[in-house]
Colleague: 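Sending over a structure as structure tokens; questions will come in a sec.
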Amino acid sequence: LLMKKTIAELRQEINDVDEQLVKFLAQRFTLTQKIGLLKKETTQPIEDPTRNQEMKNRQMQLAKLHTIKPEIVDQIFEKIIALSIKEQTS
């Protein structure tokens with residue numbers, strides 16, 4: 001028999017996933033801060049439209065691979081990238 005999970009069990013799984021998301025976001029922002037410092041040292045512009053498009057294309061491929069709506073992934077990464085740029089310019 002297939003046992004159904006309770007709402008509480010599913011919520012605990014969400015909590016576990018959220019913890020991993022925060023951990024990965026912290027790692028990502030540490031890396032983008034380092035990139036920001038290197039860009040300032042080498043007088044490169046903070047924003048890189050070519051890189052942003054490459055990332056967007058990759059994220060859309062990953063969304064399809066993992067069967068999540070691409071627009072959800074796109075909106076999440078738009079926010080992450082905007083915050084990364086804000087951090088690099090502050």
Side-chain angles (χ1 to χ4, degrees):
L1 290 175
L2 182 64
M3 292 183 49
K4 289 188 178 179
K5 292 184 178 184
T6 66
I7 289 173
E9 290 170 327
L10 293 170
R11 285 181 175 160
Q12 183 55 54
E13 287 185 35
I14 288 172
N15 290 346
D16 295 342
V17 170
D18 287 349
E19 184 175 344
Q20 291 298 311
L21 283 171
V22 171
K23 176 183 169 186
F24 289 133
L25 284 170
Q27 290 174 342
R28 191 183 198 288
F29 277 90
T30 296
L31 293 168
T32 58
Q33 287 170 346
K34 289 178 182 179
I35 289 171
L37 291 173
L38 288 172
K39 285 179 176 180
K40 286 177 185 175
E41 287 175 9
T42 58
T43 63
Q44 294 181 49
I46 295 297
E47 292 193 54
D48 184 345
T50 302
R51 170 68 176 149
N52 290 349
Q53 188 59 52
E54 289 170 357
M55 287 191 309
K56 187 171 189 158
N57 293 342
R58 183 171 184 276
Q59 291 151 6
M60 294 303 97
Q61 291 173 348
L62 290 170
K64 291 175 187 172
L65 176 68
H66 295 288
T67 61
I68 182 173
K69 292 179 182 176
E71 56 269 19
I72 292 172
V73 173
D74 188 47
Q75 288 179 29
I76 291 168
F77 273 98
E78 277 187 15
K79 188 67 172 178
I80 290 171
I81 291 167
L83 291 169
S84 295
I85 290 169
K86 184 178 176 183
E87 283 285 309
Q88 288 180 5
T89 56
S90 62

Colleague: Count I, L, V, M, F, W, Y as connected when their side-chain heavy atoms are under 4.5 Å apart, and connections chain through other members. Are Ile80 and Met60 then in the same cluster?
Modeller: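 Same cluster: Ile80 reaches Met60 through Ile, Leu, Val, Met, Phe, Trp or Tyr contacts under 4.5 Å.
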Colleague: Residues in side-chain contact (heavy atoms from CB on, under 4.5 Å) with Gln12, at least two apart?
Modeller: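 Gln12: side-chain contact (heavy atoms from CB on, under 4.5 Å) contacts with Asn15, Asp16.
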Colleague: Which atom pairs, one a donor and one an acceptor, fall under 3.5 Å between side chains of residues 20-31 and the rest of the protein, sequence neighbours left out?
Modeller:
residue : atom : partner : partner atom : Å
Arg28   : NH1  : Ser84   : OG           : 3.4
Thr30   : OG1  : Ala26   : O            : 2.9

Colleague: Please go through Ile14's hydrophobic cluster and name the other residues, only I, L, V, M, F, W, Y counting, with side-chain heavy atoms under 4.5 Å joining them.
Modeller: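 In the cluster with Ile14 there is nothing else; it is isolated.
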Colleague: Name all residues meeting the side-chain contact (heavy atoms from CB on, under 4.5 Å) criterion together with Thr43; count only those two or more places apart in sequence or in a different chain, and write none if there are none.
Modeller: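 Per chain and number, Thr43 pairs via side-chain contact (heavy atoms from CB on, under 4.5 Å) with no residue.
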Colleague: Sequence neighbours left out, what passes salt bridge (charged side-chain N to carboxylate O under 4.0 Å, His left out) with Glu13? Give chain and number order.
Modeller: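 In terms of salt bridge (charged side-chain N to carboxylate O under 4.0 Å, His left out), with neighbours along the sequence ignored, Glu13 is linked to Lys5.
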Colleague: According to side-chain hydrogen bond (donor to acceptor under 3.5 Å, both in side chains), who are the partners of Gln33, at least two apart in sequence or on a separate chain?
Modeller: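 Glu87.
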Colleague: Only counting residues at least two apart or in another chain, list the ones meeting side-chain hydrogen bond (donor to acceptor under 3.5 Å, both in side chains) with Glu47.
Modeller: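 Glu47: no side-chain hydrogen bond (donor to acceptor under 3.5 Å, both in side chains) contacts found.
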Colleague: Got a sec, which residues hit side-chain hydrogen bond (donor to acceptor under 3.5 Å, both in side chains) with Glu19, two or more places apart in sequence or on another chain?
Modeller: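 Expected list: none.
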Colleague: Looking at every heavy atom in both Thr32 and Gln88, which two are closest together, and how far apart are they?
Modeller: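 Taking every non-hydrogen atom into account, O-NE2, 2.9 Å.
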Colleague: Which donor-acceptor pairs under 3.5 Å do the side chains of residues 62-74 make with protein atoms, sequence neighbours left out?
Modeller:
residue : atom : partner : partner atom : Å
Asp74   : OD1  : Lys56   : NZ           : 3.3

Colleague: Taking ILVMFWY side chains as joined if any heavy atoms are under 4.5 angstrom apart, and letting links pass through other members, which residues group with Leu38?
Modeller: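 Leu38 shares its hydrophobic cluster with no other residue.
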Colleague: With Glu54, which residues qualify under side-chain hydrogen bond (donor to acceptor under 3.5 Å, both in side chains), at least two apart?
Modeller: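 By the side-chain hydrogen bond (donor to acceptor under 3.5 Å, both in side chains) rule, Glu54 matches no residue at all.
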Colleague: Could you list the residues that satisfy side-chain contact (heavy atoms from CB on, under 4.5 Å) with Gln44, not counting sequence neighbours?
Modeller: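 If we apply the side-chain contact (heavy atoms from CB on, under 4.5 Å) test to Gln44, skipping adjacent residues, the hits are Lys39, Thr42.
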Colleague: OG1 of Thr89 to CD1 of Ile46: how many Å apart, nearest 0.5 Å?
Modeller: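 It is 6.5 Å, given to the nearest 0.5 Å.
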